[in-house]
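One structure below.
All chains are named by letter (A, B, ...) in the order of the sequence lines, taking the proteins before the strands, and each is independently numbered beginning at 1. Predicted, not measured: the structure shown is a model, and the values here were computed from it.
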Protein chains: 2
Amino acid sequence: MLKYEEIAQKIEQTIVDKKLEQGKKLPVLEHLMTEFQASKSTVMKAVSLLEKKGLIYQVRGSGIFVRKQKREGYIRFTNQGFSGELRRFNITAKVLELDIRKPTEEVAENLNIDLTDDVYYVKRVRYISGQTLCLEESYYNKSIVTYLNHEIVQGSIFDYISEGLGQKIGFSDMYMHINKLKREEAELLELNEGDPKLFVETIFYLNNAQPFDYSKVTYNFEQSQFFFQSTGYSL
Amino acid sequence: MLKYEEIAQKIEQTIVDKKLEQGKKLPVLEHLMTEFQASKSTVMKAVSLLEKKGLIYQVRGSGIFVRKQKREGYIRFTNQGFSGELRRFNITAKVLELDIRKPTEEVAENLNIDLTDDVYYVKRVRYISGQTLCLEESYYNKSIVTYLNHEIVQGSIFDYISEGLGQKIGFSDMYMHINKLKREEAELLELNEGDPKLFVETIFYLNNAQPFDYSKVTYNFEQSQFFFQSTGYSL
DNA sequence: GAGTGGTCTAGACCACTTA
DNA sequence: AAGTGGTCTAGACCACTCC
């Protein structure tokens with residue numbers, strides 16, 4: 001673990017431990033430098049990381065302060081999309097389908113592969129505290145995600161990819177629509193046809209920009225409470 | 001303008017000018033350092049800024065590459081929420097109401113003010129290439145946003161706040177729901193009652209964490225195509 | 001004007017990719 | 001092994017806030 005990550009983590013921990021409220025001031029930079037035996041740049045980098053995460057804000061000439069969200073019960077949208085955050089909640093998954101198949105044109109296009117290549121197809125319904133949260137269809141490039149089984153698919157596929165397969169996950173593109181539920185979707189989500197839906201397509205890329213996962217997720221509108229934090233107004 | 005911002009802007013410009021495609025490699029760091037007469041850290045900072053914006057990605061030991069989104073016609077979700085990006089599109093606004101009033105409890109809570117303080121209330125419908133995009137109700141803390149009129153409200157209120165009033169905009173919290181349109185909303189958006197809606201509440205803060213704008217926006221689901229880019233998978 | 005955050009530099013050293 | 005990105009340091013200097 002890098003030094004600035006470690007410092008960031010420790011600062012975060014003290015915010016949590018001491019239950020610091022919105023607006024509380026953190027120690028000044030110089031203090032943090034001696035406390036963590038690090039240079040100014042390193043501490044700044046740690047602090048900027050926390051700012052990016054929305055945990056603190058810095059005011060030039062004044063200090064570093066704690067930032068806290070007010071409302072509870074919202075799923076936070078992070079750098080990893082919604083899925084990263086879902087660990088905090090009690091999420092379970094029911095696997096409906098899992099097989100190896102040839103991609104459709106749409107899938108091949110998004111995964112940047114050939115129609116003759118193989119993909120893993122996974123269809124799941126995910127539940128949050130007993131209620132349906134979303135319906136998810138994912139396509140994994142089999143030449144990257146070489147093996148999947150029911151057990152893996154029941155849990156966090158991403159943990160498996162990064163830890164089990166040693167692949168480095170890079171970034172992702174998300175496309176979001178609002179629309180009405182079709183009959184089949186409504187049944188699986190235990191809602192009515194024509195109800196609102198949040199539809200999100202995501203393409204996940206490795207470190208080296210190779211797409212490995214294309215997924216289409218339909219969210220239950222009743223559970224769809226999301227929270228975003230923006231940092232820094234530029235331009 | 002800061003040196004690293006300037007460098008970032010120039011690099012961005014060359015990507016646009018030379019129409020560089022996804023995966024194209026940029027000059028190596030050393031080259032950029034001499035080209036822009038800057039230290040490694042400064043160039044790195046510029047490059048990281050562009051990475052955060054989703055324009056490039058860096059692969060350790062390999063190089064810096066151009067990142068491009070595939071699909072057209074989506075509204076990009078940026079650090080400033082959707083509104084920042086809307087300038088790229090042809091957006092107009094029709095002002096329905098504009099007055100000074102006392103806040104409701106909900107508004108007072110979100111703006112962190114007293115029930116006896118004054119707020120500016122603005123209600124607008126915004127159009128994108130002739131079609132309704134969203135219905136927007138905003139409450140501005142009058143002790144910060146001291147003056148508004150019809151002309152200002154027709155354009156970009158944020159430009160006015162930062163340039164006209166000299167206030168420094170800091171960060172924001174966004175809360176998002178999916179739901180069904182009520183009758184009045186449907187009429188204003190030229191849709192049908194019960195149609196899906198994307199409902200977004202945003203609290204905008206100044207630099208010093210004082211909230212100055214609480215706004216509630218209902219998006220037309222037919223126009224609601226949003227695009228997000230995530231960078232870096234951590235944890 | 002004192003205090004505090006933020007930029008910038010030059011250079012040492014490390015980590016990963018490519019071949 | 002060579003090339004390239006990334007971390008870290010020490011210190012100079014600048015910009016903003018608060019008293």
Side-chain angles (χ1 to χ4, degrees), chain A residues 1-11 23-52 55-67 162 166-171 206-210 231-234, chain B residues 1-11 23-52 55-67 162 166-171 206-210 231-234:
Chain A
M1 180 170 242
L2 293 169
K3 193 162 182 178
Y4 73 87
E5 288 177 331
E6 210 165 323
I7 294 172
Q9 203 173 65
K10 283 178 183 164
I11 294 175
K24 278 287 181 213
K25 190 170 172 178
L26 293 181
V28 301
L29 274 184
E30 197 133 5
H31 180 102
L32 296 171
M33 284 164 68
T34 60
E35 179 176 352
F36 297 116
Q37 286 295 306
S39 74
K40 191 169 182 174
S41 321
T42 304
V43 173
M44 277 288 285
K45 189 144 188 180
V47 164
S48 302
L49 198 66
L50 293 175
E51 184 171 43
K52 197 172 145 195
L55 249 86
I56 60 170
Y57 60 93
Q58 303 180 70
V59 184
R60 160 114 81 166
S62 178
I64 306 168
F65 304 90
V66 173
R67 180 174 173 192
S162 55
Q167 296 283 6
K168 281 177 216 151
I169 297 170
F171 45 86
L206 293 180
N207 202 20
N208 61 7
Q210 209 186 342
T231 61
Y233 188 82
S234 57
Chain B
M1 180 170 243
L2 294 169
K3 193 162 182 177
Y4 73 87
E5 289 176 329
E6 211 164 323
I7 295 172
Q9 204 173 64
K10 283 178 184 165
I11 294 175
K24 277 288 182 213
K25 189 170 173 178
L26 292 181
V28 300
L29 275 183
E30 197 133 3
H31 181 103
L32 296 170
M33 285 163 67
T34 59
E35 180 176 349
F36 298 116
Q37 285 296 305
S39 73
K40 191 169 181 174
S41 321
T42 305
V43 173
M44 277 288 283
K45 189 145 188 180
V47 164
S48 301
L49 198 67
L50 293 176
E51 184 171 42
K52 196 172 145 193
L55 248 85
I56 60 172
Y57 60 93
Q58 303 180 72
V59 184
R60 160 115 82 167
S62 177
I64 305 169
F65 305 89
V66 174
R67 180 174 173 193
S162 55
Q167 296 283 7
K168 279 177 217 151
I169 297 169
F171 45 88
L206 293 179
N207 202 17
N208 61 6
Q210 210 185 341
T231 61
Y233 187 83
S234 56

Validation: residues 57-66 of chain A side-chain donor-acceptor distances under 3.5 Å, sequence neighbours left out:
{"from": "Gln58(A)", "atom 1": "NE2", "to": "Glu51(A)", "atom 2": "OE1", "distance (Å)": "3.2"}

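We find that CD of Gln58(A) is positioned 16 Å from C1' of dG3(C), with the value rounded to whole Å. Rounded to an integer number of Å, the gap from CG of Leu206(A) to C1' of dC16(C) is 16 Å.
Judged as a side-chain contact (heavy atoms from CB on, under 4.5 Å), and not counting sequence neighbours, the contacts of Lys168(B) are Asn207(B). In this structure, the side-chain hydrogen bond (donor to acceptor under 3.5 Å, both in side chains) partners of Thr42(A), at least two apart in sequence or on a different chain, are Ser39(A). Residues satisfying the side-chain contact (heavy atoms from CB on, under 4.5 Å) test with Glu35(A), not counting sequence neighbours, are His31(A), Leu32(A). Listed by chain and residue number, Met1(B) satisfy the side-chain contact (heavy atoms from CB on, under 4.5 Å) test with Gln9(B) (two or more places apart in sequence, or in another chain).
Using a 4.0 Å heavy-atom criterion, one finds that Lys40(A) contacts the bases of the nucleic acid, with or without backbone contacts as well. No engagement by Glu51(A) is indicated, since no non-hydrogen atom pair under 4.0 Å with the nucleic acid exists. Looking at heavy-atom distances under 4.0 Å, Ser41(A) makes contact with a base.
Heavy-atom neighbours of Glu30(A) CD from other residues, nucleotides or ligands within 6.0 Å: at or below the threshold of 12.
Here the closest heavy-atom approach between residue Val47(B) and residue Ile56(B) is recorded as O-CD1, 3.4 Å. Here the closest non-hydrogen pair linking Gln167(B) and Leu206(B) is OE1-CD1, 3.7 Å.
Taken residue by residue, residues 2-11 of chain A places no heavy atom nearer than 4.0 Å to DNA chain C.
For Val59(B) and Asn208(B), each mapped to the nucleotide of DNA chain D holding its nearest heavy atom, the one lying further toward the 5' end belongs to Val59(B). A residue-by-residue look at Met44(B) and Asn207(B) shows that Met44(B) has its nearest nucleotide of DNA chain D further toward the 5' end. If Lys168(A) and Gln37(B) are placed on DNA chain C by their nearest nucleotide, the residue sitting closer to the 5' end is Gln37(B).
Taken from NZ in Lys45(A) to CG in Leu2(A), the straight-line distance is 8.5 Å, to the nearest 0.5 Å.
Protein chain A contacts DNA chain D over a range whose 5' and 3' limits, counting nucleotides with an atom under 4.0 angstrom from a non-hydrogen atom, are dT7(D) to dC18(D).
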